[in-house]
Amino acid sequence: MPELPEVETVCRGLAPFMEGRTLARVDQRRKDLRFPFPKQFAKRLVGRRVERIRRRAKYILISLDDGAVLIIHLGMSGRMTITPPGRCAPEPGKHDHVVFGMDAGAVIMFNDVRRFGLMDLGREDTLDQHPLLCDIGPEPLGNVFSGAYLSERLKGRKTPIKSALLDQKIVAGLGNIYVCEALYRAGISPKRLASTVAGVRAERLVPIVRNVLEEAIAKGGSTLKDYVQTDGELGYFQHEFAVYGREGEPCPGCDCKTSVQRIVQSGRSTFYCAKRQR
DNA sequence: CGGCCAACCTGTGCGC
DNA sequence: TGCGCACAGGTTGGCC
């Protein structure tokens with residue numbers, strides 16, 4: 001379920017178990033995910049101390065004490081499992097593709113059924129130029145992402161606003177769920193051409209996108225603790241969505257019979273209220 | 001270049 | 001019970 005808020009939550013969950021600790025053991029259990037692993041992957045990681053964990057777009061960035069950065073993307077089905085120090089880690093299963101053993105005893109497993117995820121190694125000092133990161137747009141929670149910025153980027157775009165917001169070059173980290181939710185809150189139809197959102201609608205949309213993401217991060221943070229305590233799974237907390245996955249249900253606050261509709265846009269489900277979103 | 005679609009891969013749930 | 005199909009939260013590469 002990894003969009004920006006989930007990836008942020010995973011980063012925060014990993015940090016206490018990895019930051020300042022050394023990678024004592026790295027077990028790479030297959031040769032590729034979406035792409036092949038880099039050469040000498042495990043070997044280049046073992047013995048390195050983790051300095052910092054952070055997120056950029058939907059990427060997890062783990063900087064190491066030799067200037068390398070482990071870049072991880074969870075794809076559609078990737079997840080991280082943590083077994084805290086002192087507890088017995090389960091045997092890796094069929095879809096546990098990488099196992100990280102920390103010197104303090106924590107065991108972190110990367111699990112990804114569909115293998116749309118990826119891992120790569122970059123350099124801290126040139127990370128901006130890394131092929132996976134160099135074309136990505138501004139963070140939606142940062143200062144660059146303003147009404148003026150979004151407006152400018154939507155100008156002249158003939159694609160639906162839904163598709164434009166999913167475009168990681170325009171803004172980083174939004175996925176199918178949070179785009180649906182943000183457009184619902186903003187009262188903007190997902191079918192509306194992006195160019196017609198430039199201007200006042202874009203000004204309105206930007207703070208709504210921020211709020212949707214911040215709320216989701218806050219909820220992730222509050223459920224995170226419990227998850228690590230119980231079965232160690234990170235990234236699988238259930239949010240309550242207004243429209244996503246609610247086809248046929250009345251949307252919150254709708255007094256009419258109009259219910260949430262599901263349509264398909266460029267091959268992906270969009271959920272929206274045709275009455276409230278224009 | 002902009003925009004659309006298929007493809008990557010596995011699992012699950014539903015209709016017949 | 002089994003089969004086939006639709007669908008799943010992401011991204012890319014190829015085509016027009």
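Convention: sequence-line order gives letters A, B, ...; per-chain numbering from 1. On a predicted model such as this, the values are computed, not experimentally measured, just so you know. For the numbers below, each heavy atom of this structure counts, side chains included, while hydrogens, waters and symmetry mates do not.
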ask   = Does a donor on one side chain sit under 3.5 Å from an acceptor on the other, for A/Y272 and A/Q265?
value =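 No donor-acceptor contact under 3.5 Å links the two side chains.
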- Query: Going by atom types alone, do A/D120 and A/H73 pair a side-chain donor with an acceptor below 3.5 Å?
  - Reply: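 There is no such pair between these side chains.
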Calculate the interatomic distance between [X] atom [atom1] and [N] atom [atom2]; express it in whole Å.
| X | N | atom1 | atom2 | value |
| --- | --- | --- | --- | --- |
| A/L118 | C/dT11 | CG | C1' | 9 Å |
| A/D32 | C/dT12 | CG | P | 17 Å |
| A/F35 | C/dT12 | CZ | P | 7 Å |
| A/I170 | C/dT11 | CD1 | P | 14 Å |
| A/N176 | C/dA8 | CG | C1' | 10 Å |
| A/Y59 | C/dG10 | OH | P | 12 Å |
| A/D135 | C/dT12 | CG | P | 9 Å |
| A/F116 | C/dT12 | CZ | P | 13 Å |

Quick one: on DNA chain C, does A/F271 or A/L132 contact a more 5' nucleotide (nearest heavy atom)?
->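 Result of the comparison: A/F271.
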Take atom [atom1] in [N] and the same atom in [M], then report the distance between them in whole Å.
| N | M | atom1 | result |
| --- | --- | --- | --- |
| B/dG3 | C/dG9 | P | 23 Å |
| B/dA7 | C/dC5 | P | 15 Å |
| C/dA6 | B/dA6 | P | 12 Å |

Across the strands shown, which category fits [X] at heavy-atom distances under 4.0 angstrom: base, sugar-phosphate, nothing?
| X | result |
| --- | --- |
| A/K169 | nothing |
| A/G175 | sugar-phosphate |
| A/S269 | sugar-phosphate |

Subject >> Stems formed with participation of DNA chain B [Watson-Crick or G-U wobble, under 3.5 Å, three or more pairs] >> reply: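 Stems found: B:2-8 with C:10-16, B:10-16 with C:2-8.
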If the cut-off is 4.0 Å, is [X] near the phosphate of [N], judged by side-chain N/O to OP1 or OP2?
| X | N | value |
| --- | --- | --- |
| A/K58 | C/dT11 | yes |
| A/Q168 | C/dG10 | no |
| A/R262 | C/dC7 | yes |
| A/R268 | C/dG9 | yes |

Counting only N and O atoms by type, is there a donor-acceptor contact under 3.5 Å from the side chain of [X] to the main-chain atoms of [Y]?
| X | Y | result |
| --- | --- | --- |
| A/K191 | A/K162 | no |
| A/S77 | A/R114 | yes |
| A/Q261 | A/F271 | no |

What I want to find out is whether A/R157 reaches A/D167 closely enough, with some N-O distance under 4.0 Å, to be called a salt bridge.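 Answer for the salt bridge query: yes.
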query = Which heavy atom in A/A172 sits nearest to a heavy atom in A/A57, and how many Å separate them?
reply =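 That closest heavy-atom pairing would be CB-CB, 3.6 Å.
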Check: Which pair of heavy atoms, one from A/G122 and one from A/I71, lies closest together, and at what distance?
Finding: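 That closest heavy-atom pairing would be N-CD1, 4.0 Å.
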- Message: The test is side chain to side chain donor-acceptor pair (under 3.5 Å); show your working for A/R153 and A/Y149 and say whether it passes.
- Response: CA-CA 6 Å; A/R153 294 302 306 267; A/Y149 166 83; 3.0 Å; yes
Original post:
What is the 5' to 3' range of DNA chain B, first to last nucleotide, that sits under 4.0 Å from any heavy atom of chain A?
Top reply: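 Span of nucleotides near chain A: B/dG3 to B/dG11.
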**Asked** When the nearest nucleotide of DNA chain B is assigned to A/H95 and to A/R34 on a heavy-atom basis, which residue is associated with the more 5' position?
**Response**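 Mapping each residue to its closest nucleotide by heavy atoms, the 5'-most match is A/R34.
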Both A/V113 and A/P160 contact DNA chain B. Which one's nearest nucleotide lies toward the 5' end?
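The residue closer to the strand's 5' end, by nearest nucleotide, is A/P160.
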Pairwise side-chain contact, A/K58 with A/L74, heavy-atom cut-off 4.5 Å (strictly under):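 In short, these two side chains do not touch, never coming nearer than 4.5 Å.
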